[in-house]
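Input: a single structure, listed below in structure tokens.
Since this is a predicted model, take the numbers as computed values, not measurements.
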Amino acid sequence: MNLQNLLHWIYVAGMAIGALHFWSLSRNPRGVPQHEYLVAIFIPIWSGLAYMAMAIDQGKVEAAGQVAHYARYIDWIVTTPLLLLALSWTAMQFTKKDWTLIGFLMSTQVVVVTSGLIADLSERNWVRYLWYICGVFAFLIVLWGIWSPLRAKTRTQGTELSNLYDKLVTYFTVFWIGYPIVWIIGPSGFGWINQTMDTFLFCLLPFFSKVGFSFLDLHGLRNLQDSRQTTGDRFVENTFQFVENITSFGKSQRQSSRRRV
């Protein structure tokens with residue numbers, strides 16, 4: 001077994017553990033709707049199956065002198081819109097769901113993933129980068145959607161939900177920005193990193209984007225709905241507090257620098 005296959009198997013194990021954890025949380029939902037647990041469970045199951053295909057040397061094809069892992073895109077075209085659905089449900093937790101906005105975000109994300117797949121399979125470099133740019137443009141629209149109209153939905157539902165969403169969307173954005181960056185510096189783009197490092201990063205990013213996000217999201221919602229906390233709930237609360245402290249420190253440092261100037 002080579003290192004890339006090992007990394008894929010480790011990822012599969014991580015997805016299985018994540019799915020089992022979310023299933024265990026669903027046994028005691030603590031006010032969080034069961035459909036949110038269902039989506040959180042399905043995401044790592046689907047992703048784990050896609051990565052299992054790559055672990056057994058399926059889901060890959062030679063294209064333009066490099067290996068295109070189309071199984072990744074089979075994963076992403078399902079799971080990334082579902083992650084946006086989960087984020088949207090959190091943003092509209094205590095209000096009527098805006099399915100037009102949710103559908104817009106999910107369908108735009110399908111464009112992002114499809115553009116990436118076509119780029120990866122393109123033989124001519126200029127065509128490859130053209131599709132990549134199309135995907136990045138669609139991705140920027142998704143970022144605008146979650147930071148502007150979706151974030152605005154939280155402002156009418158109380159400070160606690162609004163604060164939770166702000167922390168989640170920041171976490172969400174940091175990891176999702178990593179995808180186009182790794183793609184362009186990897187074998188599919190400029191080739192600044194080799195295939196093994198590309199595989200490692202495309203295991204690391206999805207793990208934290210999927211299991212990590214759903215962990216923070218579900219436990220954060222459970223903390224809102226019920227004051228009784230489990231160890232996981234307290235861990236999430238402490239994590240958010242740590243991030244908030246770092247953010248506050250950064251803001252105070254910038255303000256001090258402006259005053260000195």
Can you list everything that forms a side-chain contact (heavy atoms from CB on, under 4.5 Å) with [X]? Sequence neighbours excluded, please.
{"X": "L38", "result": "none"}
{"X": "A40", "result": "F22, S214, L218"}
{"X": "Q58", "result": "A53, I56"}
{"X": "D166", "result": "R151, R155, S162"}

Subject >> Nearest non-hydrogen partners of A86 and F213, listed with the distance >> reply: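 Taking every non-hydrogen atom into account, CB-CE2, 4.2 Å.
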Give me each pair satisfying salt bridge (charged side-chain N to carboxylate O under 4.0 Å, His left out) with a member in [range], each pair once, sequence neighbours excluded.
{"range": "residues 12-24", "answer": "none"}
{"range": "residues 198-214", "answer": "R72-D198, D75-K210"}
{"range": "residues 4-23", "answer": "none"}

**OP:** Apply side-chain hydrogen bond (donor to acceptor under 3.5 Å, both in side chains) to W99 and list each qualifying residue two or more places apart in sequence or on a separate chain.
**Re:**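 For W99, no residue satisfies side-chain hydrogen bond (donor to acceptor under 3.5 Å, both in side chains) once neighbours in sequence are set aside.
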Subject >> Non-neighbouring partners of T196 that pass side-chain hydrogen bond (donor to acceptor under 3.5 Å, both in side chains), sequence neighbours left out >> reply: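 Listed in chain order: nothing, the list is empty.
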If only atom types and distance count, is the side chain of [X] paired as donor or acceptor with the main-chain N or O of [Y] below 3.5 Å?
{"X": "S47", "Y": "P44", "answer": "no"}
{"X": "T80", "Y": "I77", "answer": "no"}
{"X": "Q93", "Y": "W89", "answer": "yes"}
{"X": "T154", "Y": "L150", "answer": "no"}

Subject >> Working for side chain to side chain contact (heavy atoms under 4.5 Å, CB included), residues F104 and T108 >> reply: CA-CA 6 Å; F104 167 74; T108 304; 3.7 Å; yes
**OP:** Check the pair S107, V111 against side chain to side chain contact (heavy atoms under 4.5 Å, CB included), reporting the backbone distance first and the verdict last.
**Re:** CA-CA 7 Å; S107 58; V111 174; over 6 Å; no
Original post:
Rounded to the nearest 0.5 Å, how far does CG of L140 lie from CH2 of W147?
Top reply: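 The CG atom of L140 is 14.0 Å from CH2 of W147, to the nearest 0.5 Å.
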Original post:
Quick one: side-chain hydrogen bond (donor to acceptor under 3.5 Å, both in side chains) pairs with a partner in residues 129-146, sequence neighbours left out?
Top reply: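 For residues 129-146, and leaving out neighbouring residues, there are no side-chain hydrogen bond (donor to acceptor under 3.5 Å, both in side chains) pairs at all.
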Subject >> Derivation of the side chain to side chain contact (heavy atoms under 4.5 Å, CB included) call for V113 and Q109 >> reply: CA-CA 6 Å; V113 178; Q109 181 58 27; 3.6 Å; yes
Original post:
Which pairs, with at least one residue in residues 52-85 and sequence neighbours excluded, count as a ring-ring contact (aromatic ring centres under 6.0 Å, His included)?
Top reply: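 Of all non-adjacent pairs touching residues 52-85, those that pass ring-ring contact (aromatic ring centres under 6.0 Å, His included) are Y73-W76, W76-Y179, W76-F202.
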Original post:
Should the heavy atoms of other residues, nucleotides or ligands under 6.0 Å from CZ of F190 be counted, would the total exceed 12?
Top reply: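 Yes, CZ of F190 has more than 12 neighbouring heavy atoms, counting only those of other groups under 6.0 Å.
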**OP:** Evaluate the side chain to side chain contact (heavy atoms under 4.5 Å, CB included) criterion for residues L83 and F172: first the C-alpha distance (whole Å), next the side-chain angles of each, then the deciding distance (0.1 Å), finally the verdict.
**Re:** CA-CA 9 Å; L83 286 166; F172 190 93; 4.1 Å; yes
**OP:** Please identify each residue that fulfils salt bridge (Lys or Arg N to Asp or Glu O under 4.0 Å) with K97, with sequence neighbours left out.
**Re:**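 So K97 forms no salt bridge (Lys or Arg N to Asp or Glu O under 4.0 Å) with any residue.
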Original post:
Do M15 and I43 touch side chain to side chain, with heavy atoms closer than 4.5 Å?
Top reply: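 Answer no - side chains too far apart.
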